[in-house]
**Q** 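The structure follows.
Note: hydrogens, waters and symmetry copies are ignored here, and every other heavy atom, side chains too, is used. Read the numbers this way: they start at 1 and go in the same order the structure lists the ligands and their atoms.
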Amino acid sequence: MIGIIFIAPPAAGKGTQSDMICQKYGFIHVSTGDLLREASKQDNLEALYIQEEMEAGKLIDDGLIMDLLINKLSIINNSGFILDGFPRNLSQAHMFEETINKLNIKQLLVFYIDVPFDVALKRTLGRLICSKCNHVYNSSIKDLMPASLYHCDDCKSPLSKRIDDTEDTFTKRFNFYISETKPLVDYYSKQGVLYRVDGNKDKNNIFMQIDGILNRYLS
Ligand code: AMP
């Protein structure tokens, strides 16, 4: 089984690239942000905690993330999966080492999508998400624009903005990314599994860069 990890700032296009890889190769897309958004809809204290931390742009407790993730990964019986939004820090990366062995992951590939602050901010402010199928659109990027700003092209459900897609929360999340997540570039680079991708391009160009590398491992 192949496992793909993305290291990227918020709104770098991890979700879009994950969808494109899944469509081509049938991989399973596992987004910790989506798992948390789902868990935050429950009627309990944990849901409240998740809502508050996400809204503030803070990271959720590592133990809770690992529980959600391992639950999800244990039901995957597939040739490959993509982790979108995990690991977010070195401690999660260390915890994940154990899971790699347990799940018999033969190859880990890490794509570092490099995007400058101002580009990521613009994408964040334009992001729209389908409330039902989670399809991600963007009102400020031509090739990600929905036909209507109000409804999903695929399932016609209403589009909405994420509560954490404000300039203030974005800035906090970007700063967390620099201090907590970016050190993973060094961590995975030392393991020889890291590939840098220029994320300041359109979605097809970014996909071409990723696919070129993936092909080497899949053929
Ligand atoms: P994302 O959908 O990946 O942009 O994540 C949205 C928010 O969910 C983040 O700003 C964090 O509050 C939380 N989150 C997602 N993944 C993780 C993770 N691996 N560890 C801690 N918090 C996370």
**Q** Which ILVMFWY residues can you reach from Ile141 by hopping between side chains whose heavy atoms are under 4.5 Å apart?
**A**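 So far as hydrophobic clustering goes, Ile141 is joined with Leu144.
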**Q** Going by ring pair (Phe, Tyr, Trp, His ring centres under 6.0 Å), name the residues that satisfy it together with Tyr177, two or more places apart in sequence or in a different chain.
**A**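 Ring pair (Phe, Tyr, Trp, His ring centres under 6.0 Å) check on Tyr177 returns Phe174.
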**Q** Write 'none' if nothing qualifies; otherwise put on separate lines each N/O atom of ligand 1 with a protein N/O atom under 3.5 Å away and their distance to 0.1 Å.
**A**
residue: ligand 1; atom: 2 (O); partner: Arg37; partner atom: NH1; Å: 3.4
residue: ligand 1; atom: 2 (O); partner: Arg37; partner atom: NH2; Å: 2.9
residue: ligand 1; atom: 2 (O); partner: Arg162; partner atom: NH1; Å: 3.3
residue: ligand 1; atom: 3 (O); partner: Arg88; partner atom: NH1; Å: 3.2
residue: ligand 1; atom: 3 (O); partner: Arg88; partner atom: NH2; Å: 3.3
residue: ligand 1; atom: 4 (O); partner: Arg162; partner atom: NH2; Å: 3.0
residue: ligand 1; atom: 4 (O); partner: Arg173; partner atom: NH2; Å: 2.7
residue: ligand 1; atom: 5 (O); partner: Arg88; partner atom: NH2; Å: 3.1
residue: ligand 1; atom: 10 (O); partner: Arg173; partner atom: NE; Å: 3.2
residue: ligand 1; atom: 12 (O); partner: Lys58; partner atom: O; Å: 2.5
residue: ligand 1; atom: 16 (N); partner: Thr32; partner atom: OG1; Å: 2.8
residue: ligand 1; atom: 16 (N); partner: Gly85; partner atom: O; Å: 3.4
residue: ligand 1; atom: 16 (N); partner: Arg88; partner atom: NH1; Å: 3.3
residue: ligand 1; atom: 19 (N); partner: Gly85; partner atom: O; Å: 2.9
residue: ligand 1; atom: 19 (N); partner: Gln92; partner atom: OE1; Å: 3.1
residue: ligand 1; atom: 20 (N); partner: Gln92; partner atom: NE2; Å: 2.9
residue: ligand 1; atom: 22 (N); partner: Ile60; partner atom: N; Å: 3.0

**Q** Among all residues two or more places apart in sequence or in another chain, which pass the side-chain hydrogen bond (donor to acceptor under 3.5 Å, both in side chains) test with Tyr187?
**A**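 Checked Tyr187 against side-chain hydrogen bond (donor to acceptor under 3.5 Å, both in side chains); matches are Glu97.
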**Q** Nearest 0.5 Å please: distance from the NZ atom of Lys172 over to the NZ atom of Lys58.
**A**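 One gets 8.0 Å once the value is rounded to the nearest 0.5 Å.
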**Q** To the nearest 0.5 Å, what is the distance between CG (Leu48) and CD (Gln42)?
**A**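 Reported value, rounded in 0.5 Å steps: 12.5 Å.
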**Q** Any donor-acceptor pair under 3.5 Å linking the side-chain atoms of Tyr49 with those of Asn44?
**A**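 Their side chains do not contain a donor-acceptor pair, so the 3.5 Å distance test is not met.
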